[in-house]
Amino acid sequence: MRSDAVKKGVQQAPHRSLFNALGFTREELNRPLIGIVSSYNEIVPGHMNIDKIVDAVKLGVAMAGGTPVVFPAIAVCDGIAMGHQGMKYSLATRELIADSTEAMAMAHQFDALVMIPNCDKNVPGLLMAAARLNIPTIFVSGGPMLAGKVGGKKHSLSSIFEAVGAYTAGKMTAEEVEEYENKICATCGSCSGMYTANSMNCLTEAIGMGLKGNGTIPAVYSERLRLAKQAGMKIMELLEKNIRPRDIMTRKAFLNALTVDMALGCSTNTMLHLPAIAHEAGVELDIDIANEISEKTPNLCHLAPAGPVYMEDLYEAGGIYAVMNELNKAGLLYTDLITATGKTLGENIKDCPVIDYDIIRPIDNPYSKTGGIAILKGNLAPDSAVVKRSAVAPEMLKHEGPARVFDSEDEAIEAILGGKIKAGDVVVIRYEGPKGGPGMREMLNPTSAIVGMGLGSSVALITDGRFSGATRGASIGHVSPEAAVGGPIALVEEGDIISIDIENNALNVLVSDEELKARKAKWKPRQPKITTGYLARYTAMVTSGNRGAVLEVPKG
């Protein structure tokens with residue numbers, strides 16, 4: 001066992017003395033050491049229940065003959081970090097989570113790991129660590145929040161963000177906003193729509209790293225505690241069989257994850273995270289393949305913000321295995337892949353039919369014949385841009401309008417809330433990419449303000465930053481190359497006509513090549529916004545959004 005390096009032999013007597021200080025018995029040290037990576041904290045609603053999940057996992061590990069040892073992972077609440085300097089740190093924590101987990105696992109020589117994440121960057125960060133470490137690992141999340149109810153209708157976090165825009169437009173009173181504020185986030189858990197946290201937790205099932213229900217069992221259901229115990233027991237089986245993350249997270253598994261992503265209509269942030277996880281697994285995953293998969297993958301679900309359906313409804317309808325079972329009727333999945341259940345994907349999903357076809361559409365009657373996410377290219381985004389196609393109003397799938405250019409999210413918010421954006425406009429927010437932000441801020445505030453003010457079906461937004469999974473409308477993000485490195489988005493001028501053609505995966509500014517070349521010759525790079533601390537190092541090392549914003553050591 002790996003842990004023998006810190007437990008066995010005379011040379012390890014000092015190590016054992018430190019285990020003695022921790023209260024470990026000889027019997028415990030004779031068993032495999034299983035690291036339990038706990039994301040528990042008291043600032044993220046999706047993490048406040050993780051202490052209970054940890055206790056259940058520990059019990060499962062112990063029942064199956066292992067010795068559980070807990071250590072922490074950080075997590076940021078994107079909702080609380082939204083709209084201010086804190087959001088610059090959100091994406092950047094993904095790498096901190098991966099790095100610190102690697103450090104703890106290697107320093108203490110754990111035999112296997114149980115990862116307990118929940119919210120946005122926590123799940124991909126720990127998946128990256130799992131791929132990098134490549135020791136037996138399983139995931140069990142904290143689970144999704146139940147939807148809130150206002151006026152007898154279900155709502156999620158995006159509703160309160162949109163309510164702010166509605167109030168500004170005079171369409172909602174302060175008292176109505178307060179009612180939303182008090183009722184939207186009804187329980188602990190990751191926010192109740194198909195936002196980034198729930199998207200990534202669902203994809204742990206699709207890629208094979210989590211057990212059935214990991215993405216959809218509500219946080220407050222006792223079934224999640226049973227799932228945690230099962231995960232604790234299952235890790236011992238994976239250790240015995242030596243089934244490792246890179247055995248599970250193969251190229252075909254990533255293609256399965258992209259297929260399920262398209263069927264569910266997941267957050268556009270998955271287009272950042274899946275390439276980053278694949279990078280750690282040694283798998284080449286060019287984001288362009290998303291369109292190939294989208295072309296043949298029907299969109300089966302319209303969860304919030306795309307529709308009035310929530311994670312609890314998806315759970316009741318059969319969950320992710322039911323979605324995969326439906327996709328498999330059309331032969332869209334690789335089913336012979338080993339998973340963290342110890343069985344193949346095909347074995348996992350064979351007896352998991354859809355229970356409610358109003359929630360999970362049948363394969364022959366989808367919402368659309370193509371998937372929920374589209375990758376756009378053109379002279380405004382030579383490398384790529386990303387849009388959640390399933391959450392775009394039909395009339396905005398093709399749009400041309402004048403650019404309203406802002407060099408930061410803050411400037412754009414001021415203009416939107418100040419009534420300066422009109423129907424037909426294309427809001428361009430730049431210098432918010434991985435390097436330019438830095439940290440590629442998530443921009444739920446401007447998108448929600450646009451929708452809340454009644455402009456969601458007439459105004460588009462384009463940025464080299466990114467969007468929350470709670471965003472809906474013609475919101476196009478991850479424009480690459482970003483403005484900070486001289487990408488074409490840096491060359492757009494106020495009033496330029498921008499052409500959006502989501503149906504044909506195109507994004508262009510209607511300016512001649514000669515004019516763009518002349519503008520590029522005059523363009524000068526800006527000084528970094530932050531020059532000290534972690535974000536300064538992040539700025540120097542981060543790559544483009546189309547590459548997953550992974551970190552690389554600068555050349556030279």
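Only a predicted model underlies this, so the values are computations on that prediction, with no experimental measurement involved. The chain is numbered in sequence order, starting from 1.
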(message) I want to check something: taking the side chain as every heavy atom from C-beta on, are Asp78 and Met87 in contact at a cut-off of under 4.5 Å?
(response) yes
(message) Please list all pairs meeting side-chain hydrogen bond (donor to acceptor under 3.5 Å, both in side chains) that have one or both residues in residues 382-392, counting only residues at least two apart or in different chains.
(response) Ser294-Arg389
(message) Could you work out, with side-chain hydrogen bond (donor to acceptor under 3.5 Å, both in side chains) as the rule, every residue matching Ser100, not counting sequence neighbours?
(response) none
(request) Output the distance between atom CE (Met82) and atom OG (Ser90), rounded to the nearest 0.5 Å. (result) 8.0 Å
(message) Quick one: does any side-chain atom of Asn134 pair with a main-chain N or O of Arg246 as donor and acceptor, under 3.5 Å?
(response) yes
(message) Among residues at least two apart in sequence or on other chains, which ones pass side-chain hydrogen bond (donor to acceptor under 3.5 Å, both in side chains) with Tyr40?
(response) Glu42
(message) Quick check: do Val57 and Ile116 have side-chain heavy atoms less than 4.5 Å from each other?
(response) yes
(request) State, to 0.1 Å, how close Leu417 and Ala449 come at their nearest heavy-atom pair, and which atoms those are. (result) CD2-CB, 3.9 Å
(request) Of all the heavy-atom pairs spanning Val509 and Leu380, show the shortest one and how long it is. (result) N-CB, 4.1 Å
(message) How about CE on Met48, more than 12 heavy atoms from neighbouring residues, nucleotides or ligands closer than 6.0 Å, or not?
(response) no
(message) Checking Asp513 now: which residues fulfil side chain to side chain contact (heavy atoms under 4.5 Å, CB included) with it, not counting sequence neighbours?
(response) none
(message) Going by the rule ring pair (Phe, Tyr, Trp, His ring centres under 6.0 Å), which residues pair with Phe71 if we only count those two or more places apart in sequence or in a different chain?
(response) Phe110
(request) Give the minimum heavy-atom separation between Ile293 and Thr259, together with the two atoms involved. (result) CG2-OG1, 3.5 Å
(message) If you define the side chain from C-beta out and look only at heavy atoms, does anything of Leu551 sit under 4.5 Å from His279?
(response) no
(message) So, taking the atom named CD1 in Ile500 and the one named CD1 in Ile476, what distance separates them when rounded to the nearest 0.5 Å?
(response) 4.0 Å
(message) So, taking the atom named CG in Asp288 and the one named CG in Asn546, what distance separates them when rounded to the nearest 0.5 Å?
(response) 8.0 Å
(message) Are the side chains of Ser159 and Pro305 in contact, using a 4.5 Å heavy-atom criterion?
(response) no
(message) Which residues pass the side chain to side chain contact (heavy atoms under 4.5 Å, CB included) test with Ser512, not counting sequence neighbours?
(response) Glu514, Glu515
(request) Without swapping roles, check the side chain of Asn291 against the backbone of Ile375 for a donor-acceptor pair under 3.5 Å. (result) yes
(message) With rounding to the nearest 0.5 angstrom, report the CD1 to CG distance, Ile207 to Asn256.
(response) 8.5 Å
(request) Take Asn504 and Lys398 through the side chain to side chain contact (heavy atoms under 4.5 Å, CB included) test and state the conclusion after the steps. (result) CA-CA 9 Å; Asn504 291 299; Lys398 286 192 176 184; 3.9 Å; yes
(request) With sequence neighbours left out, write down each residue that passes ring pair (Phe, Tyr, Trp, His ring centres under 6.0 Å) with Tyr180, or none if nothing qualifies. (result) His155
(message) Ignoring hydrogens, what is the shortest heavy-atom contact between Ile289 and Leu255? Give both atom names and the distance.
(response) CD1-CD2, 3.6 Å
(message) Using a 3.5 Å distance criterion without hydrogens, assess whether the side chain of Asp496 forms a donor-acceptor pair with backbone atoms of Glu493.
(response) yes
(message) Within the supplied structure, the quantity of interest is the number of heavy atoms (other residues, nucleotides, ligands) at a distance under 6.0 Å from Arg472 CZ; does it exceed 12?
(response) no
(request) Heavy atoms only: give me the nearest Ser448-Phe161 pair and the separation to one decimal. (result) OG-CB, 3.3 Å
Could you list the donor-acceptor pairs under 3.5 angstrom formed between side-chain atoms of residues 269-278 and any protein atom two or more places apart in sequence or on another chain?
| unit_1 | atom_1 | unit_2 | atom_2 | d |
| --- | --- | --- | --- | --- |
| Asn269 | OD1 | Arg466 | NH1 | 3.2 |
| Asn269 | ND2 | Thr196 | OG1 | 2.8 |
| Asn269 | ND2 | Glu442 | OE2 | 3.0 |
| Asn269 | ND2 | Phe467 | O | 3.0 |
| Thr270 | OG1 | Asp261 | OD2 | 2.5 |
| Thr270 | OG1 | Ser267 | O | 2.8 |
| His273 | ND1 | Arg94 | NH1 | 3.1 |

(message) Please list all pairs meeting side-chain hydrogen bond (donor to acceptor under 3.5 Å, both in side chains) that have one or both residues in residues 409-423, counting only residues at least two apart or in different chains.
(response) Asp410-Arg441
(message) What's the separation between atom CG in Asp286 and atom CZ in Arg547, rounded to the nearest 0.5 Å?
(response) 11.0 Å
(message) For a 4.5 angstrom cut-off between non-hydrogen side-chain atoms, does Asp407 reach Arg430?
(response) yes
Name the atoms and distances for all side-chain donor-acceptor pairs under 3.5 Å in residues 137-148, with sequence neighbours left out.
| unit_1 | atom_1 | unit_2 | atom_2 | d |
| --- | --- | --- | --- | --- |
| Thr137 | OG1 | Ile135 | O | 2.7 |
| Ser141 | OG | Gly143 | N | 3.2 |
| Ser141 | OG | Asn214 | O | 3.0 |
| Ser141 | OG | Arg224 | NH1 | 3.2 |

(request) Only counting residues at least two apart or in another chain, list the ones meeting salt bridge (Lys or Arg N to Asp or Glu O under 4.0 Å) with Glu181. (result) none
(request) For side chain to side chain contact (heavy atoms under 4.5 Å, CB included), just list the numbers for Arg404 and Val428, CA-CA rounded to whole Å, side-chain angles, deciding distance to a tenth of an Å, and then say yes or no. (result) CA-CA 6 Å; Arg404 303 300 309 281; Val428 177; over 6 Å; no
(request) Would you name the heavy atoms of Glu482 and Lys435 that are closest together and state the gap between them? (result) OE2-N, 2.9 Å
(message) Checking Thr539 against Ile530 for the side chain to side chain contact (heavy atoms under 4.5 Å, CB included) test, could you report, in this order, the C-alpha distance in whole Å, the side-chain angles of both residues, the deciding distance, and whether it holds?
(response) CA-CA 8 Å; Thr539 300; Ile530 295 176; 5.7 Å; no
(request) Apply the test side chain to side chain contact (heavy atoms under 4.5 Å, CB included) to residues Thr463 and Val479: give CA-CA distance (whole Å), side-chain angles for both, the deciding distance (0.1 Å), then the verdict. (result) CA-CA 6 Å; Thr463 181; Val479 171; over 6 Å; no
(message) Here's a test for you: under side chain to side chain contact (heavy atoms under 4.5 Å, CB included), which of Ser39, Pro117, Cys188, Cys77 qualifies with His47?
(response) Ser39
(request) Applying side chain to side chain donor-acceptor pair (under 3.5 Å) between Ser190 and each of Asp120, Asn198, Asn122, report the one that passes. (result) Asn198
(message) Which residues pass the ring pair (Phe, Tyr, Trp, His ring centres under 6.0 Å) test with Tyr310, not counting sequence neighbours?
(response) none
(message) For the OG atom of Ser458 and the CE atom of Met453, what is their distance to the nearest 0.5 Å?
(response) 11.0 Å
(message) Are there over 12 heavy-atom neighbours, none belonging to Ile497, within less than 6.0 Å of that residue's CD1?
(response) yes
